[in-house]
Amino acid sequence: MFTALGVIGGIGLGLATTWGGAAWWVLLVLGGLGLALWERRPVLVALTLGATLAGFASLRGQQSQPDPLLPWRGALVTLRGDWDGQFLTLEDPRARVALAPKPVTRPGKLTVSGRLVAPEGQRTPGGFDQAAWLRSQGGWFVPTPTAVLVAAQVRASAPEGGLRGWFRRGVTAGLPAREAALMQAIQLGDRGDIGREEFQEGYAVRDAFSRAGLAHLMALSGQNVALITGLVVWLLGWLRLRPGWRYGVGAALLVPYLLLLVGASPSITRAVVMGIAGLAGLALGRGKPDALGIIGLAATVCLLLFPLWLLDVGFQLSFLAVLGLTQTARLADRLPARWPRVLRLALCATVLAELATLPVIASTFGQLPLVGLPANLLAEVIMAALVPLGFLAGLLGPLAAPLNVVNGLLADALLWVAQTFGRAPVLTWGNISPAGMLAYAVCAGAGLLWLWGRIRPAAALAVVLSGMTLTALPELLRPARELVFLDVGQGDATLIRLPHLTLLVDAGGSVGSDYDVGTRTVVPALRALGVRKIDVAVATHADTDHIEGFTGVLRALPVGEVWIGQRKAGDPVLTELLTVADEQGVPVREVRRGDGVQADGVQVSVLWPPGNVWSTEDNENSVAMKVQSGAWSTAILGDLPDPTEAHVNAGTLNLLKVAHHGSRYSTDAALLEQTRPQDALVSVGRNTYGHPHPDVLKRLAAAQVKVWRTDQVGTVRWPVP
């Protein structure tokens with residue numbers, strides 16, 4: 001473990017951009033050195049220092065590698081390579097590229113055209129940081145994906161051949177689409193097909209697995225390696241081979257399993273490295289390995305080869321879960337002895353894995369499953385049979401159809417578990433600060449000391465309760481008062497967040513695309529901000545880029561009521577919103593000028609529509625609102641065009657939410673003369689409409705208004721005085 005601490009500290013020092021950031025990693029290295037000195041072993045001190053230098057050098061070496069695709073950045077290109085369901089691997093230049101949208105084509109040879117662009121960073125709280133994730137997918141022997149091919153169109157494709165193609169055909173032979181998609185996720189780590197499957201409208205299979213705490217089952221990882229190698233080692237033991245041969249052969253077989261059958265994805269590569277280290281420890285230790293030593297060795301090898309895995313959520317979850325599992329026997333011994341030991345071990349393993357990964361899951365995914373324990377206990381029984389039988393089906397190739405009758409039943413059972421437990425409520429969670437992580441570490445330390453018999457249960461419980469209380473104090477003492485303008489691309493979504501009132505004005509949408517902005521962007525952002533319910537959801541008007549995302553929000557969070565302006569008949573997007581609101585039991589209110597709500601010294605007033613006459617243009621019927629807190633005010637104008645926006649009589653403003661994403665026909669001189677804002681916010685993304693229009697920007701500049709654009713700065717959080 002000393003070398004692992006050194007490598008982690010060295011990589012962290014290489015990533016740190018401030019002295020404060022570097023201090024945490026210095027403390028980690030000093031902690032490793034302190035433990036080595038405590039044991040009075042100078043060799044461990046030298047190993048820790050050497051590992052720190054090696055980790056730092058590995059990171060800097062990878063970061064210094066040139067980007068082979070840089071000359072083509074921004075160009076329209078046609079690329080040919082091997083598609084693995086995640087990345088397109090090119091031979092010349094040697095590079096990997098992400099494709100957007102991801103093709104539905106099966107893995108194999110692919111010719112695709114589009115525009116090469118730089119990956120985007122995190123643009124919303126809790127949002128996906130594509131650039132960081134892509135950086136973490138490369139290493140010394142695997143090219144780092146450095147670009148994204150957007151508007152990707154498949155020109156030609158050929159199915160995957162060789163052993164991997166044979167294995168894929170065996171895994172899916174004779175199975176219906178949903179079961180085949182699940183088997184590909186479990187056996188090959190290919191989640192492309194399962195990501196498109198739904199149990200019913202708005203209830204995706206992947207979301208059900210996440211809500212049930214079973215998302216890890218759809219990642220090809222340690223469980224697969226453990227079950228398959230366990231079966232192989234048992235068979236070799238049945239042949240009465242010596243431990244050295246038994247474990248050595250098992251370790252050797254993992255290499256072709258990785259390279260020839262399933263492919264070197266990060267999750268399975270980590271699992272294989274861990275498996276080889278574990279089997280080597282068993283071989284050398286005659287069946288009695290050092291668990292922490294094996295974990296440390298595996299982490300050291302992984303991070304030296306792939307230093308940016310340190311920031312990868314999958315890496316963090318894998319090793320935290322395994323570290324938690326090392327205490328399974330200790331915890332099982334504290335349960336009643338009359339319980340069957342198998343049951344005690346299963347219960348403790350599940351609980352410890354969930355507790356060990358709790359802060360990463362809560363902070364990354366914004367929710368914690370409440371039914372993870374029973375769901376995992378049932379699922380693990382199914383997986384114990386499904387993984388080895390699915391592996392055997394893969395080896396049989398197209399001849400596996402008879403065996404897949406059984407696999408199909410097992411897959412159906414696993415889907416039933418996910419569907420059933422996925423309907424249970426989840427505990428929403430916001431981003432966890434460094435102080436929260438420190439509080440968790442102290443609580444985890446108290447739990448370990450109790451397990452080791454160093455402190456009494458009452459003392460451990462007191463530490464945990466104290467940590468929970470302290471982490472809850474900041475929100476209680478200083479609750480949020482802010483406007484959050486979420487970056488939802490070419491669309492609108494504004495959160496008005498007060499201690500006793502939460503309004504969501506529009507929820508974005510994706511015109512001409514099946515990307516669910518509400519579920520994939522808005523809901524994670526709300527959870528990351530700690531929003532557990534919406535009091536009022538305001539759908540300004542029947543435009544896709546404003547209200548399509550509300551269906552995902554209504555299904556994911558409790559909503560008090562929905563406000564609309566015009567109840568436009570025959571509009572498919574608005575009709576869908578109203579239908580989902582009815583399904584969820586959310587009342588719908590048609591608001592007019594003069595309506596509003598007040599809380600915490602803030603008045604939210606509806607300025608438009610008057611309701612006595614409707615335009616044939618949706619934009620002119622937009623709900624416009626003013627937010628007033630003392631002398632400070634702002635207005636949210638939907639897509640109102642000029643001169644209508646000047647007729648709402650917003651009055652003098654400190655901040656203007658520019659209407660219609662900065663359209664040429666909005667924010668005219670009359671409105672600026674009336675409102676006299678100091679700042680203006682433009683919610684806009686990549687578009688072909690010319691938003692924000694140069695004329696609008698010129699008018700704002702002439703009025704000496706500072707402009708904030710979500711396409712340039714991402715999500716904007718604005719305090720309410």
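When every heavy atom of Phe550 is checked against every heavy atom of Ala537, the shortest pair comes out as CE2-CB, 3.6 Å. Contact detail for Ala507 and Val553: the closest heavy-atom pair is CB-CG2, 4.3 Å. Heavy-atom minimum distance, Ala98 versus Leu134: CB-CD2, 4.2 Å. Taking both residues in full, the closest heavy atoms of Gly126 and Pro524 are given as O-CB, 3.8 Å, listed atom of the first, atom of the second, then distance. Contact record, Val602 with Val627: CG1-CG1, 3.7 Å, taken as the closest heavy-atom pair. Of all heavy-atom pairs between Met183 and Leu386, the closest is SD-CD1, 3.6 Å.
Glu561 places no side-chain N or O within 3.5 Å of a backbone atom of Val536 that could act as its donor or acceptor partner. Formation of a donor-acceptor pair under 3.5 Å by the Glu120 side chain with backbone atoms of Asp129 is not found in this model. Using a distance-only test at 3.5 Å, with no hydrogens or angles considered, no donor-acceptor pair links the side chain of Arg178 to the main chain of Val205. Counting only distance, with no hydrogens or angles, the side chain of Ser363 and the backbone of Pro359 share no donor-acceptor pair below 3.5 Å. For the pair Gln584 (side chain) and Arg555 (backbone), a donor-acceptor distance under 3.5 Å is absent. Checked by atom type and distance alone, the side chain of Thr471 pairs as donor or acceptor with a backbone atom of Met468 at under 3.5 Å. Looking at Glu548, its side chain never comes within 3.5 Å of a backbone N or O of Val573 through a donor-acceptor pair. Not a single donor-acceptor pair under 3.5 Å links the side chain of Arg191 to the backbone N or O of Arg206.
Between Arg211 and Arg423, the closest side-chain pair of non-hydrogen atoms is not below 4.5 Å. Residues Ser622 and His546 form no side-chain contact, since every pair of their non-hydrogen atoms from C-beta on lies 4.5 Å or further apart. A heavy-atom distance below 4.5 Å is found between the side chains of Trp563 and Val606. Put simply, the side chain of Trp450 reaches to within 4.5 Å of the side chain of Leu331, judged on heavy atoms. Between Asp312 and Gln137 the shortest side-chain heavy-atom distance falls below 4.5 Å. Residues Val522 and Leu504 meet the side-chain proximity criterion, which asks for heavy atoms closer than 4.5 Å. Within the 4.5 Å cutoff, the side chain of Lys657 has no heavy atoms near those of the Val505 side chain. A heavy-atom distance below 4.5 Å is not found between the side chains of Asp545 and Asp492.
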Leu414 and Met383: CA distance, side-chain angles, deciding distance, side chain to side chain contact (heavy atoms under 4.5 Å, CB included) verdict: CA-CA 8 Å; Leu414 186 60; Met383 289 291 287; 3.8 Å; yes

How far apart are the C-alpha atoms of Trp718 and Phe485, what are their side-chain angles, what is the distance that settles it, and do they pass the ring-ring contact (aromatic ring centres under 6.0 Å, His included) test? CA-CA 8 Å; Trp718 204 280; Phe485 301 96; 7.2 Å; no

Criterion side chain to side chain contact (heavy atoms under 4.5 Å, CB included) on Val406 and Leu409, from CA distance to verdict: CA-CA 5 Å; Val406 177; Leu409 294 174; 5.6 Å; no

As a quick check of understanding, evaluate side chain to side chain contact (heavy atoms under 4.5 Å, CB included) for Ser136 and Leu311, giving each step before the final call. CA-CA 7 Å; Ser136 71; Leu311 303 181; 5.6 Å; no

Tell me, with the steps shown, if Thr494 and Ser683 meet side chain to side chain contact (heavy atoms under 4.5 Å, CB included). CA-CA 9 Å; Thr494 303; Ser683 181; over 6 Å; no

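Within the structure, side-chain hydrogen bond (donor to acceptor under 3.5 Å, both in side chains) pairs that include any residue of residues 364-375 comprise Gln367-Arg527 (at least two apart or interchain). Among residue pairs with one or both ends in residues 336-346, those qualifying as side-chain hydrogen bond (donor to acceptor under 3.5 Å, both in side chains) are Asp333-Arg341; sequence neighbours excluded.
Once rounded to the nearest 0.5 Å, the distance linking CG of Asn376 with CG of Leu347 reads 11.5 Å. Atom CD of Gln566 sits about 11.0 Å away from atom NE2 of His541, to the nearest 0.5 Å. Taken from CD1 in Ile534 to CG in Leu554, the straight-line distance is 9.5 Å, to the nearest 0.5 Å. A distance of 11.5 Å separates CG of Leu448 from SG of Cys443, quoted to the nearest 0.5 Å.
With no hydrogens or angles considered, a side-chain donor-acceptor pair links Thr521 and Tyr515 at under 3.5 Å.
Salt-bridge check for Asp207 with Arg520: passed, with a basic side-chain N closer than 4.0 Å to an acidic carboxylate O.
Legend: residues meeting side chain to side chain donor-acceptor pair (under 3.5 Å) with Arg123, ordered by chain and number and at least two apart, are Asp487.
Looking at Leu503, Ile496, Val538, Thr540 one by one, the single match for side-chain contact (heavy atoms from CB on, under 4.5 Å) with Ile636 turns out to be Ile496. Checking each of Val464, Val463, Leu470 against Val442 for a side-chain contact (heavy atoms from CB on, under 4.5 Å) leaves exactly one that passes, namely Val463.
Within 6.0 Å of the CZ atom in Arg334, the count of heavy atoms belonging to other residues, nucleotides or ligands exceeds 12.
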